[in-house]
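The structure under discussion appears below in the form of structure tokens.
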Amino acid sequence: MSELQNLPIGVFDSGLGGLTVVRAIRELLPGENIIYLGDSARVPYGTRSRSTVVSYARNCAQFLVSKRLKMLVVACNTASAVALPTLREEIGMPVLGVIAAGARAVARTGVLRVGVIGTVGTVQSGTYIREISARVPNCQVVQEAAPLFVPLAEEGWIDGEVPVLAATRYLEPLAKAKIDVLMLGCTHYPLLISPIRTALEKLGCGAEVVDSATAMADEVKRTLKENDLQRGFQNPGELTCYVTDLPDSFQEVSTRFLGQSPGAVKKVDIR
């Protein structure tokens, strides 16, 4: 194994959601070492200006790159939408964004009617429409903001009547549009995949569900292979977690997103 192959993958998000990406990467590539940074002191990014998000993303990237990486994964939808060109210009390694990964996964289905749910900021940016349409020119993309899904996921309300009712309300316009694929355009949303599927069934919609976390893991694997950077499964990879605020709170909630305890969570100042 080369020295480069043994280096970790860096992943950052504005908070907890990117841990679903980490979970998907670890399930698909269990031998990879991963360093995660949650910018919990400045969450959410979706309400910030473009220039501020780029600045925050650069801070996160610079911190992770200082740990010596072979790849950087931007697990934040907002940062993926606005900061990728800057990061790719400044960082000498593969930089992957969650939105493009999701759009490629949708394009591979070959369907022409796609629904996207995401945060208000992601939906208003129109980035998923642009990314999907660039790959499937005749595709009809219908969007719906689902702002309650993030607090539901973070509070652990991922089963039962409440999330199903919320999902049914958000998905009704998409079901009426007769979508063939539903793109989960936020990394929190995979935690709610069960009530989302229940709501689709109630609405008589048989759309395939594509989540950005799984799509991102597939993109990571493909890029590692193309660049001969895959570590392989010599032994289980290590996960190291950093946050910019409230490490105890992060550690408590993160188990739901990660599917296991993250271990010790370290607080860092990246500004």
Side-chain angles (χ1 to χ4, degrees), residues 13-27 38 40 43-47 75-78 80 98-99 101-102 105-106 109 113-125 128 141-217 246 249-262:
D13 188 15
S14 58
L16 287 158
L19 287 174
T20 61
V21 174
V22 172
R23 181 176 185 171
I25 294 172
R26 299 191 85 198
E27 289 173 354
S40 47
V43 65
Y45 283 8
T47 59
C76 172
N77 278 269
T78 303
S80 291
V98 70
I99 292 178
V106 168
T109 68
R113 291 191 300 270
V114 177
V116 176
I117 53 174
T119 64
V120 173
T122 296
V123 167
Q124 288 179 345
S125 75
Y128 271 104
V141 184
V142 184
Q143 297 189 111
E144 188 72 24
L148 277 180
F149 280 175
V150 168
L152 284 173
E154 294 195 356
E155 290 296 325
W157 287 47
I158 57 177
D159 296 299
E161 184 180 9
V162 171
V164 171
L165 286 171
T168 302
R169 180 168 180 178
Y170 290 142
L171 295 173
E172 186 174 9
L174 305 184
K176 287 181 178 178
K178 301 186 183 304
I179 61 169
D180 300 303
V181 166
L182 175 66
M183 176 74 229
L184 306 187
C186 173
T187 51
H188 280 69
Y189 294 1
L191 271 71
L192 293 152
I193 198 163
S194 178
I196 286 170
R197 284 181 169 146
T198 299
L200 288 172
E201 186 177 346
K202 285 178 61 178
L203 293 164
C205 179
E208 177 185 349
V209 179
V210 174
D211 78 83
S212 52
T214 301
M216 188 76 262
L246 302 173
S249 174
F250 180 92
Q251 187 171 39
E252 179 182 346
V253 180
S254 62
T255 300
R256 271 199 301 277
F257 288 75
L258 196 57
Q260 64 185 79
S261 171

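When reading the values below, keep in mind they use all heavy atoms of this one structure, side chains included, and skip hydrogens, waters and symmetry mates. Throughout, numbering of the chain's residues begins at 1 and tracks the sequence.
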Practice problem: Could you walk me through whether Leu174 and Cys205 pass the side chain to side chain contact (heavy atoms under 4.5 Å, CB included) test, one step at a time? | Solution: CA-CA 9 Å; Leu174 305 184; Cys205 179; over 6 Å; no

Quiz prompt | Glu27 atom CD, over 12 foreign heavy atoms within 6.0 Å | solution =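 It does: Glu27 CD has more than 12 such atoms within range.
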
Exercise. Answer yes or no: does atom CD of Glu161 have more than 12 heavy-atom neighbours from other residues, nucleotides or ligands under 6.0 Å?
Key: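 No, not enclosed.
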
Could you tell me whether a side-chain N or O of [X] sits under 3.5 Å from a main-chain N or O of [Y], the two making a donor and an acceptor?
X      : Y      : answer
Ser212 : Leu184 : yes
Ser80  : Val98  : yes
Thr187 : Thr20  : no
Tyr170 : Ile196 : no
Tyr189 : Ala146 : yes

To the nearest 0.5 Å, what is the distance between [atom1] ([X]) and [atom2] ([Y])?
X      : Y      : atom1 : atom2 : answer
Ile193 : Thr214 : CD1   : OG1   : 7.0 Å
Leu200 : Glu208 : CG    : CD    : 11.5 Å
Met216 : Ile99  : CE    : CD1   : 11.0 Å
Leu191 : Asp159 : CG    : CG    : 9.5 Å
His188 : Ile158 : NE2   : CD1   : 12.0 Å

Of all heavy-atom pairs between [X] and [Y], which one has the smallest distance, and what is that distance?
X      : Y      : value
Leu203 : Thr168 : CD1-O, 3.9 Å
Val43  : Ser14  : CB-O, 3.2 Å
Val162 : Trp157 : CG2-CZ3, 3.5 Å
Ala101 : Ala215 : O-CB, 3.6 Å
Val142 : Ala177 : CG2-CB, 3.9 Å
Gln143 : Tyr128 : OE1-CB, 4.3 Å

Exercise. Determine, stepwise, if the pair Val164 / Lys202 fulfils side chain to side chain contact (heavy atoms under 4.5 Å, CB included).
Key: CA-CA 9 Å; Val164 171; Lys202 285 178 61 178; 4.0 Å; yes

Quiz prompt | 4.5 Å side-chain heavy-atom contact, Cys186 and Val150 | solution =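 Result yes, sub-4.5 Å side-chain heavy-atom pair found.
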
Quiz item: Side chains of Thr255 and Pro262: closer than 4.5 Å at any heavy-atom pair?
Solution: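 Result yes, sub-4.5 Å side-chain heavy-atom pair found.
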
Exercise. Evaluate the side chain to side chain contact (heavy atoms under 4.5 Å, CB included) criterion for residues Leu171 and Glu144: first the C-alpha distance (whole Å), next the side-chain angles of each, then the deciding distance (0.1 Å), finally the verdict.
Key: CA-CA 8 Å; Leu171 295 173; Glu144 188 72 24; over 6 Å; no

Practice problem: Not counting sequence neighbours, which residues clear ring pair (Phe, Tyr, Trp, His ring centres under 6.0 Å) with Phe250? List them please. | Solution: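 Ring pair (Phe, Tyr, Trp, His ring centres under 6.0 Å) list for Phe250, sorted by chain: empty.
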
Practice problem: List for me each residue that meets ring pair (Phe, Tyr, Trp, His ring centres under 6.0 Å) alongside Tyr45, sequence neighbours excluded, and say none if there are none. | Solution: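 Ring pair (Phe, Tyr, Trp, His ring centres under 6.0 Å) check on Tyr45 returns Tyr56.
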
Quiz item: Between Val116 and Val106, does a side chain to side chain contact (heavy atoms under 4.5 Å, CB included) hold up when you go through it step by step?
Solution: CA-CA 10 Å; Val116 176; Val106 168; over 6 Å; no

Exercise. Any pair with a residue in residues 180-194 that passes salt bridge (charged side-chain N to carboxylate O under 4.0 Å, His left out), sequence neighbours left out, goes on the list, sorted by first then second residue, please.
Key: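 Sorted result for residues 180-194: Arg113-Asp180.
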
